[in-house]
Structures are given as structure tokens and as C-alpha cells.
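Every number for a ligand or one of its atoms is a count from 1 in the order of the listing.
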Amino acid sequence: MAQKIVIGVLTSGGDAPGMNAAIRAVTRAALNKGLEVWGIYRGYQGMIEGDCKKLCSEDVSGKIQHGGTFLQSARSAEFKTVEGRSKAHDSIVKHGINSLVVIGGDGSFAGATQFAYEYPDISVIGIPGTIDNDIYGTDYTIGYDTALNTVITAVDKIRDTASSFNRIFLVEVMGREAGFIAVNSGIASGAEVIMVPERKNQIEKVRKFLKQRARKNKSSIIIVAEGLEEGSAMEIAEKIRPEFPQFDIKVSVLGYIQRGGSPSSKDRVISSLMGVAAVEALLEGQRSLMIGYKNEEIVHVPLNKTVKLHKTISDELLNVAELIGTYAPPKDPVEPKP
Ligand code: F6P
């Protein structure tokens with residue numbers, strides 16, 4: 001007789017709006033298919049410490065509308081060690097857990113891949129959850145859509161005060177070493193310049209823009225992705241202020257508000273699809289893969305590929321951002337052909 005599937009579900013790394021919807025979907029789909037499911041608290045650290053609870057349908061009621069993760073999260077240094085992973089294995093096996101659903105980002109997937117390799121008795125399915133949207137093999141990660149909308153709302157508000165004073169604002173957004181939040185929020189909020197960590201010498205773009213700035217009596221928004229080689233928004237402002245004393249340059253770091261808030265409909269729906277797909281993958285006998293979402297469809301991606309390969313930002317998107325961001329009238333206007 002086939003072994004009964006007993007799932008342990010956890011959230012790891014940076015929390016992201018929509019994680020609760022994914023936990024709920026994993027739980028409900030598992031229970032409706034006759035499987036057992038355990039919630040593991042505080043990510044891999046809770047797994048090591050045996051901090052878990054068998055979930056029933058009511059445990060995931062009233063959670064879908066909340067940001068954060070009700071299972072809580074952690075960045076576990078201990079799980080990076082052989083001993084830590086061994087403890088984690090022993091502690092889940094004690095509860096009969098033979099399948100793991102890990103909702104997290106690339107750091108969490110690196111741990112998951114290593115764990116699946118070391119412990120072939122445990123099947124591991126990853127669900128991409130990070131506001132950064134920087135995971136290979138999926139167009140979309142849980143939380144990205146909500147975070148993007150949070151940034152756009154904040155930048156719209158900053159624009160109101162910026163234009164009341166003709167100020168230049170450097171707005172720093174999250175994304176670790178990835179510029180997905182920066183470029184798309186920049187396009188959507190009409191930013192004049194967008195600085196992304198994937199390209200070199202981004203500060204030159206700012207200098208060029210400020211030199212060409214057509215009208216002094218106009219506000220400007222410069223989106224600064226964290227993780228730039230030139231430093232933080234604050235450091236960039238300190239470099240450029242003395243070069244452009246004619247401008248009033250301010251900095252606003254959006255920080256952790258980008259991670260919170262009620263998930264958007266897109267985040268709730270795609271998280272739900274991914275949660276169900278994770279349970280179905282386990283029923284199919286899959287044992288080391290990530291559930292992705294590409295071209296509006298669920299896809300399966302080998303877990304180790306998501307760790308080895310990097311998702312890149314497209315040149316086309318960056319070109320669009322540059323083309324519509326700044327307006328510097330040409331010295332000799334091109335005359336329309338008769
Ligand atoms: O991975 C998501 C993210 O929000 C990054 O954009 C950011 O750099 C990082 O987490 C900060 O996370 P923490 O301070 O929780 O470690």
C-alpha cells in the first residue's frame with residue numbers, strides 16, 4: 001500500500017502578502033484530498049525545534065485577507081549547517097511528516113534543495129514567496145503585486161509634496177539585488193529616473209538627468225533600488241547634492257511598509273493556485289520542485305534550477321523606462337518630413 005502523504009508547510013525568509021493564502025490553499029487542498037497537514041512555525045528554525053501543529057480546516061479560516069504569515073518566519077543560520085538539517089529531519093519524522101512545502105525566496109530554496117538532496121525520504125515542493133520577484137523559472141512570486149502597489153501609492157503621495165516645493169526625491173525601494181520592484185514601480189508612478197542594481201554606473205544617469213533638467217520649477221522622482229553598487233539612496237544624495245546645489249534633493253526610504261498590508265486579489269488568487277498545485281505535485285509523486293507561474297499557467301521547475309540560475313530583468317523593460325521617464329528636448333528639434 002502506498003505511504004500516506006503527511007505534509008509539513010512552512011514560510012521562510014522575508015514574509016510576503018499572500019503567504020497566508022498559500023498556506024490556506026495547501027491545507028484545504030490536502031485535507032480535501034484525504035492527506036494530513038502540519039503547520040511548522042518560524043520556518044526552518046521551528047522545524048529544527050519541532051515547533052509545529054497539525055492543521056484542520058478552521059485553522060486557516062479568516063487568514064486570506066491578512067499580510068504577513070500566521071505561521072511566522074525566520075532566517076535560520078542553524079539550518080545552513082549539516083547538524084541543523086539533521087535535527088530538522090529528526091523532528092519532522094517524529095510527527096510522521098514525509099513531505100515539505102516551503103514557501104519562501106531563493107535563500108529558502110537553497111536550504112530546501114540541500115535538504116531534499118540529503119534526505120531522499122522527504123519530498124520537497126517550493127512555492128515562490130518574496131516581494132522581490134527575483135526567482136528563476138516563474139514570472140511571479142507571492143507578494144510582489146501587493147508590494148508594487150504599496151510602492152506606487154507611496155510614490156504618488158511623495159509626488160504631491162515634491163511638486164508643492166519643486167523638490168527632487170530619491171525614493172529607495174526594496175529588492176535586495178534585483179530591480180523588479182524598482183523598474184515596474186518606476187514606470188507605473190511616472191518616475192523620471194530609475195536606478196537598478198543589474199546595471200553599472202547608475203549614478204551617471206542621475207547626473208545626466210540633473211544636468212539636462214529642462215525646467216527648474218518641476219518635481220522629480222528618482223527610484224533607487226536597494227543593493228546598488230553606488231550605495232543607498234542616502235549615500236547617493238550625499239554624493240550629488242554638492243554637484244547640484246541649485247536643487248533641493250530629499251530622500252525617502254520606503255522600507256518595511258513594502259512587505260506588509262492586505263494582499264491584492266492577484267496575490268490571493270495566484271497563491272491559492274500555487275498552494276493547490278503543490279499538493280497535486282506531491283500526489284503525482286514529485287519530490288524536488290518549485291511551483292512556478294509562467295504565461296498565466298502553473299509550471300513545474302526543478303528546485304535546484306531555481307537556485308543555480310538567475311532571473312534577469314529585460315533590456316526592453318529598462319529601455320521603455322528610460323524612454324518615457326525623462327524629457328530632455330533635443331537641441332535641434334527634428335522637423336517633420338513634408
Ligand atoms: O527578500 C525580501 C526582502 O524584503 C528584500 O527586498 C530585503 O532586502 C530583505 O528582504 C530584508 O529582509 P530582512 O531585513 O527581513 O532580513
Worksheet item: Within 45° of the axis and under 6.0 Å from the centre of the six-membered ring of Tyr256, does NZ or CZ of Arg259 qualify?
Response: no
Practice prompt. Give the atoms of ligand 1, by number and element, whose distance to some non-hydrogen atom of Glu226 is under 4.0 Å.
Written response: 5 (C), 6 (O), 7 (C), 8 (O)
Worksheet entry | Side chain, backbone, both or neither: the part of Arg75 lying under 4.0 Å from ligand 1 by heavy atom | side chain
Response to the item:
Gly175 heavy atoms within 4.0 Å reach ligand 1 at atoms 6 (O)
Worksheet item: So which protein heavy atom does atom 3 (C) of ligand 1 come closest to, and at what separation?
Response: Arg259 NH1, 3.5 Å
Worksheet item: Which of the numbered atoms in ligand 1 are below 4.0 angstrom from a heavy atom of Thr130?
Response: 1 (O), 2 (C)
Practice prompt. Hey, can you tell me if Phe115 and Tyr119 have their rings parallel, tilted or perpendicular (30° and 60° cut-offs)?
Written response: tilted
Item to complete: Using a strict cut-off of 4.0 Å, indicate which atoms of ligand 1 neighbour a heavy atom of Asp132.
Response: 1 (O), 2 (C), 3 (C), 5 (C), 6 (O)
Response to the item:
atom 14 (O) of ligand 1 has as its nearest protein heavy atom Tyr256 OH, 2.4 Å
Discussion item. Between Ser189 and Arg159, is there a side-chain donor-acceptor contact under 3.5 Å, judged purely by atom types and distance?
Written reply: no
Discussion item. Val9 and side chain to side chain contact (heavy atoms under 4.5 Å, CB included): which single residue from Leu100, Ile97, Ile103 fits?
Written reply: Ile103
Worksheet item: Would Arg268 and Asp145 pass as an ion pair if we require N to O under 4.0 Å?
Response: no
Fill in: Shortest non-hydrogen contact from Val6 toward His95
CG1-O, 4.4 Å
